2 protein chains.
Amino acid sequence: MAEYNLKDQVSDKYSLRGRVFHKIREDILNGKYKQGEELREATIGEELGVSRTPVREAFRQLELEGLLKMVPNKGTYVTGITQKDVKDIYMIRSLLEGLCARLATENITPEQMNEMEENVYLSEFHESKGHFDQMAQLDNRFHEILYESCDSKMLEHLLRDFHQYVYRVRKMTLSSEKRGKASNLEHREIMESIKAGEADRAEKLANLHMINAYDNMLKNGLIEMFDQGNDNEGK
Amino acid sequence: MAEYNLKDQVSDKYSLRGRVFHKIREDILNGKYKQGEELREATIGEELGVSRTPVREAFRQLELEGLLKMVPNKGTYVTGITQKDVKDIYMIRSLLEGLCARLATENITPEQMNEMEENVYLSEFHESKGHFDQMAQLDNRFHEILYESCDSKMLEHLLRDFHQYVYRVRKMTLSSEKRGKASNLEHREIMESIKAGEADRAEKLANLHMINAYDNMLKNGLIEMFDQGNDNEGK
DNA sequence: TCCTGTATAATTGTATACAATTATCCCGAA
DNA sequence: TTCGGGATAATTGTATACAATTATACAGGA
């Protein structure tokens, strides 16, 4: 269940509208709805067995999250992420994940520390077995733990947003075998720095972790690939 | 036009619902609706002359922005900004304004550079005359120019949000006379670094600018003052 | 053929109606 | 008096109805 955990942002996760919100969100992130695609309120409502009202409310929130764009009196479209956006996000995330790691060093709870260690071990195991799906999930979770550990709602919320935003891109990136290995090592180093209470080191490593992730994407040409699906969103 | 413009998160700024959204937002930021206060959909709707539907949609977005909290089947409450939130925001802003200044050094246009210089001069003038209102406005604008100059929609959007978020606090801070003078000097130094193309220096100065602003708030006890209205939000 | 204007259909925007849930108040019993 | 319970009112959640806007199709003329 619930990896991407919007947690408090959408309070009523199990209400009707909450489910609508999460379902649409999932369908966007999983690629069921492509970039630039138009979503009709009535159609989505029928699919989910609800009226347009909760669908519209969900749309409004997804728009603010940046996943949808509602054009007045015209329609609602799946937002495209441009190459430039991805670059900017990784630049920003590099700084903020660094800050997050620094704060986590001071504020992480023993339970969170345990889960982070376990996460690193598990991911290394699955890497050795070539289980890419599990690795992707564990990678997600690693960052979630980090966000939860910094004890800052603001930062947590912000980083989670960005994390989600590049979800589709990241998924492709991680299937690159070499990066999986390198990423695991970086996770381990971050984890150990936090455990050792070395805030400066944790911050720098987390900075680097993002930069490396982005560089890897560039090298593999994954961004260009990703950007293509974006062009037909043109006008 | 329009790739999606996160700048106008709420695209239809001048539509009915858009106006509802901005009006409620303004009323929260200006303090008309106090922290912890319950907002009734029907009441707000009557005040603005609309039905509950657009009000609810606005609520949903304001919830995601963190200004409101909707409790299912109970009500909608104005979210408080805690002392901790303000601290976190300034920590985050310190990093991001630094990044923004760095990027601005590379991407600022001549027109923007001119406006920034003019802004600095004007603010120094008004400072000498004790025109605090104008200074506050120019301070706002200085940061706006900086955000526009970095040529990153993502970063611009983010910083603008935070800027707004601490609007009430900032307004109080700037009326402190000494800080106005110091702030002006810092603006000047940032401006000159950008003009000279010294990205590293601009980044560091912008970092510091935020830290100083926050420290000043602490010294003057403005945060504690601000936090009080927050306590009765209790459980 | 290609453009254009108009009628029609489809879709969004808002208001209203009704259902579900929660809060309030009053009354009676201990 | 104080506590509990139940009826009533108030509020939110969702569905539906209608208005406003936009897209589509088709006919007619250059």
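Chain letters run A, B, ... following the sequence lines, proteins first and then strands; every chain starts at 1. The analysis underlying the following values was restricted to heavy atoms, covering all of them including side chains, and did not include hydrogens, waters or symmetry mates. On a predicted model such as this, the values are computed, not experimentally measured, just so you know.
Ring geometry, B:H209 versus B:F142: the interplanar angle exceeds 60°, so the pair is classed perpendicular (tilted spans 30 to 60°).
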Bracket notation of DNA chain C in which parentheses pair within the strand, [ ] cross earlier pairs, and | pairs with another strand (Watson-Crick or G-U, under 3.5 Å) = ||||||||||||||||||||||||||||||
Contact letters for nucleotides 17-23 of chain D, in which S counts primed atoms plus P, OP1 and OP2 and B counts the base, heavy atoms under 4.0 Å | B---SSS
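Between A:Q112 and A:T109, the side chains place a donor N or O and an acceptor N or O closer than 3.5 Å (distance only, hydrogens not considered).
One atom, CZ of B:F59, and another, C1' of D:dT11, lie 12 Å apart when rounded to the nearest Å. Following rounding to the nearest Å, A:R40 (CZ) and C:dG13 (P) show an atom-to-atom distance of 13 Å. Rounded to an integer number of Å, the gap from A:L48 CG to D:dT14 C1' is 14 Å. Counting to the nearest Å, the C1' atom of C:dT14 and the CZ atom of B:R60 are 18 Å from each other. The interatomic distance linking B:L39 (CG) with D:dT12 (P) rounds to 9 Å, in whole Å. To the nearest angstrom, C1' of D:dA10 lies 11 Å from CD of B:E38. If you measure from atom CD of B:E57 to atom P of C:dT14, you get 7 Å, rounded to the nearest angstrom. B:E46 has its CD atom 13 Å from the C1' atom of D:dT11, to the nearest Å.
Residue A:T53 places no side-chain N or O under 4.0 Å from the OP1 or OP2 atom of D:dT14.
For A:D85 (side chain) and A:T82 (main-chain N/O), a donor-acceptor pair under 3.5 Å exists by modelled atom type. The closest donor-acceptor contact from the side chain of A:T79 to the backbone of A:L67 lies under 3.5 Å.
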Go through B:Q164 and B:R25 one step at a time and tell me if the side chain to side chain donor-acceptor pair (under 3.5 Å) criterion holds.
-> CA-CA 10 Å; B:Q164 293 246 345; B:R25 192 173 200 282; 2.5 Å; yes
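Between B:H163 and B:Y147, the ring centre distance stays below 6.0 Å.
A salt bridge is absent between B:K32 and B:E26: the closest approach of a Lys/Arg side-chain nitrogen to an acidic carboxylate oxygen does not fall below 4.0 angstrom. One finds no salt bridge joining A:E57 and A:R52 here, because no Lys/Arg side-chain nitrogen approaches an Asp/Glu carboxylate oxygen to under 4.0 Å. Looking at B:E148 and B:R141, a side-chain N of the basic residue comes within less than 4.0 Å of a carboxylate O on the acidic one, giving a salt bridge.
Across all strands shown, A:R56 has heavy atoms under 4.0 Å from base atoms, whether or not it also approaches the sugar-phosphate.
Nearest nucleotide to the A:P54 side chain, out of D:dT14, C:dA15, D:dT12: D:dT14.
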